[in-house]
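Only this structure's heavy atoms are used, side chains among them; waters, hydrogens and symmetry mates stay out. Proteins get letters first, then strands, A, B, ... in listed order; numbering begins at 1 in each.
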Amino acid sequence: MDLALLILIRASTYALVAVGFALVFGSCRVLNLTHGFYVMLGAYATHFFAAGLARLGVSVLREPLAVLCAAIATGLFGWLFFKLMQVTRRTAPGELLALSVAANLLGAQTFQILFGTAGLNVAPILQGRMVLGHVTLAANDLLLPPCALVAVGALPLWLQRTRSGMALRAVADDADAAELMGIRSPEVLARAVGIAAVLAGLAGGLTAPTQTLNPNMWIHPLLVSFAVVVLGGRGRIWGSIFTAFLIAFAEVTVAWVWNETAAGYAVPMLVLIGLLVRPGGIAQGMAHEIR
Amino acid sequence: MKFADAWPRRFRPDVSLLSVAILIAVAPALLGGTRYAYDMAVVAMVYGMFAVSWDLACGTTGELSFGHSFFVGTAGFTAAIVISRFDVPPWAALLIGAGAGALAGLVIGLLTLRHTGPVFTLVTMAAQLTLYRTVFVWGSLFGGEEGIPVRAQWLDEPRSRWFVVAVISFASVVGARYLLRSSFGLRLKASGGDRRVGQSAGVDVDVTRVKGFTISGFVAGLAGSILVLHNAIANYELTGDQLSGMIFLLSLVGGMGTLVGPWIAAFLCMTLLRELLYAAGQWQSVISMLVVFVLLWLMPKGVMPEIAKRLRWRPRLAGSRPS
């Protein structure tokens, strides 16, 4: 039971991070590797906004407000970055991949100098810890499953029911035909990237209190979302969620049996072995593609 | 009559190889001729080898590897361990390290046989991350945070060390170019395209690819072992995403598939750029990464192909046979 809760918390974090990545990959067939950086940006921005709001004298709901501001700021940043790439016509898969790797390293090194490697701490939204069976949980972590449920649940609804969601699906299906129908596909794709960045920023902000912020924290979320997309079948929402749970399960199990450091092996091993056995992804054949 | 045509074909001056030789020869003097200058040149030439080895595997097959530090790290740690635990002489350790690098290349080649595009990038990324974690998890063997100190007498005179590394680095560029111009190089290129087309031309795509990665791992491993002997330490910086990212980006900046381009890009980044940005202090790494970003943004195909296009100069790039 206690382990199940741990898995649930971790899986919802990963789903929150990865579903946006899956959305972007599914819709524009482009890997935006800056996604790991967005998670880091969300966490650092939460720290920044919390300090700023404290200086302004806001005491009510300061932490939730900071997380919200951080998510929106991250979304804006992601949207701007992608827009810049579009305006300068650097959206071919290889080009964007290289540029986003460069952006990742650039961001990581800038943060390293601005904030140091020592790590920062962020005040949690919910104070306190609770002991449940064998594990101790930070109360703040309990916010993750409901937030992920709302955000990830709203995504299919948005895709199915709203005009802008349908426009994204149309572009994903056939960009040329969508253009013919008067949909401006660059705008739609940039919006998708922005939404993905908001979700990543939200995940970063919500998990910030339970980890120390360091400039290398982008690589793990990037690997997880990359793995979720590839293992979960390219660009499928339900496959992504399933894989997020699988990864969380593997990590928690390894941490339980061995130790927390060795849990870092779980994702790379899952990727290496999973793709060796099933090159098309683990969740191959699951229905409900994004497009 | 063009200048180049005045020479018998076999002895035509090769501008790109010549520029590598000139860079190697003049760099220590330009940097001041001190011990520091020679050390910097050695590190730069090692990075040049990293870039060449990346280009050998990826420039030909067209895949983007984000795990080249897996080769470097495997080789470097192997060399450090055999020296510190078994007192192997440095030259033998160099060869053992290179062999370990080749083995790592073989493993990656086998693991990624079926993977192309983003999946290939993901698998290589996972491989280097596995090694990075291992360094910390098995701290007793790999030294953890502090790394493994390497105490070995290896060419302690800076000038002789520089000379030996210069010979090895230049030989790796020449060897790689020779290899890619040979029929094996053509087969390697064919294995990077549509695999059915390659097969129909009689190329055993799988075997060629694995061989290519093994050779690339050997070069990277040799360079990694040299770096370990030079720095007298093997630590987590030999692996991980920082080094992988650097190799990846510098090779792309130089011009994927040109071999000489990546070498020059890596060499200049580690010498010229570092010297120019000396005053920037701790912002040095940020500014040099910014330079890389802007260069990649302005010239997505790489600097060398861009220059060649502007000058209407057709350098004998790797893989294209002189006509």
Q: For A/Leu84 and B/Trp297, work out which heavy atoms get closest and say how close.
A: CG-CZ2, 4.0 Å
Q: Please look at B/Thr134 and chain A and tell me whether the side chain, the backbone, both or neither of the residue comes under 4.5 angstrom of a heavy atom of that chain.
A: both
Q: Count the heavy-atom pairs under 4.5 Å between each of B/Gly245, B/Gly62, B/Pro118, B/Ala127 and chain A, then report the option with the highest count.
A: B/Pro118
(Q) Rounded to the nearest 0.5 Å, what separates atom OH in B/Tyr132 from atom CD1 in A/Ile219? (A) 9.5 Å
Q) If you round to the nearest 0.5 Å, how far is CE of B/Met125 from CG of A/Leu33? A) 6.5 Å
Q) What residue, out of B/Gly240, B/Gly117, B/Ser285, has the most heavy-atom pairs lying under 4.5 Å from chain A? A) B/Ser285
Q | Parallel, tilted or perpendicular: ring planes of B/Trp138 versus A/Trp258, cut at 30 and 60 degrees | A | perpendicular
Q: Sort B/Leu64 into side chain, backbone, both or neither according to what part of it lies under 4.5 angstrom from a heavy atom of chain A.
A: side chain
Q: Could you look at A/Ala92 and say if it's the side chain, the backbone, both or neither that has a heavy atom under 4.5 Å from chain B?
A: neither
**Q.** A/Tyr265 vs B/Val137, side-chain contact (heavy atoms from CB on, under 4.5 Å): CA-CA, chis, key distance, verdict
**A.** CA-CA 10 Å; A/Tyr265 278 129; B/Val137 172; 4.0 Å; yes
Q: Count the heavy atoms belonging to other residues, nucleotides or ligands that lie under 6.0 Å from CZ of A/Phe249, then report whether that count exceeds 12.
A: no
**Q.** Side chain / backbone / both / neither for B/Leu249 at chain A, heavy atoms under 4.5 Å
**A.** side chain
Q: Identify which part of A/Leu114 has an atom lying under 4.5 Å from any heavy atom of chain B, answering side chain, backbone, both or neither.
A: side chain
(Q) Using 0.5 Å steps for rounding, measure from the OG1 atom of B/Thr121 to the CZ atom of A/Phe226. (A) 5.5 Å
Q. Checking heavy atoms, do the side chain of B/Leu298, its backbone, both or neither come under 4.5 Å from chain A?
A. backbone
Q | Enclosure of B/Lys301 NZ (heavy-atom neighbours >12, cutoff 6.0 Å) | A | no
Q: Please examine the side chains of A/Leu97 and B/Phe248, heavy atoms only from C-beta on, and report whether any two atoms are closer than 4.5 Å.
A: yes
Q | Passing candidate, side-chain contact (heavy atoms from CB on, under 4.5 Å) with B/Leu122, options A/Val229, A/Leu231, A/Leu272, A/Leu275 | A | A/Leu275
Q: For the pair B/Leu296 and A/Arg90, evaluate side-chain contact (heavy atoms from CB on, under 4.5 Å) and give the outcome as yes or no after the intermediate values.
A: CA-CA 10 Å; B/Leu296 262 182; A/Arg90 293 286 179 267; over 6 Å; no
Q: Determine whether more than 12 heavy atoms belonging to other residues, nucleotides or ligands lie under 6.0 Å from atom OH of B/Tyr236.
A: no
Q: Could you walk me through whether A/Trp218 and B/Asp241 pass the side-chain contact (heavy atoms from CB on, under 4.5 Å) test, one step at a time?
A: CA-CA 10 Å; A/Trp218 59 274; B/Asp241 43 77; 3.7 Å; yes
Q: Identify the two heavy atoms, one from A/Val271 and one from B/Ala126, that lie closest to each other, and give their separation to 0.1 Å.
A: CG1-CB, 3.9 Å
**Q.** Closest-packed option against chain B by number of heavy-atom pairs under 4.5 Å, given A/Asn216, A/Ile113, A/Leu276
**A.** A/Ile113
Q.
Show the nearest heavy-atom pair for residues A/Pro268 and B/Thr130, with the distance to one decimal.
A. CB-OG1, 3.3 Å
**Q.** A/Ala98 to B/Leu252 - nearest heavy-atom pair and separation
**A.** CB-CD1, 3.4 Å
Q.
Restricting to non-hydrogen atoms, name the atom on A/Leu106 and the atom on B/Val286 that form the minimum distance, rounded to 0.1 Å.
A. CD1-O, 3.4 Å
Q) Which one of B/Gln128, B/Arg114, B/His115 has the most heavy-atom pairs closer than 4.5 Å to chain A? A) B/His115
Q. Among side-chain atoms of B/Gln242 and A/Gln109, is any donor-acceptor pair under 3.5 angstrom?
A. yes
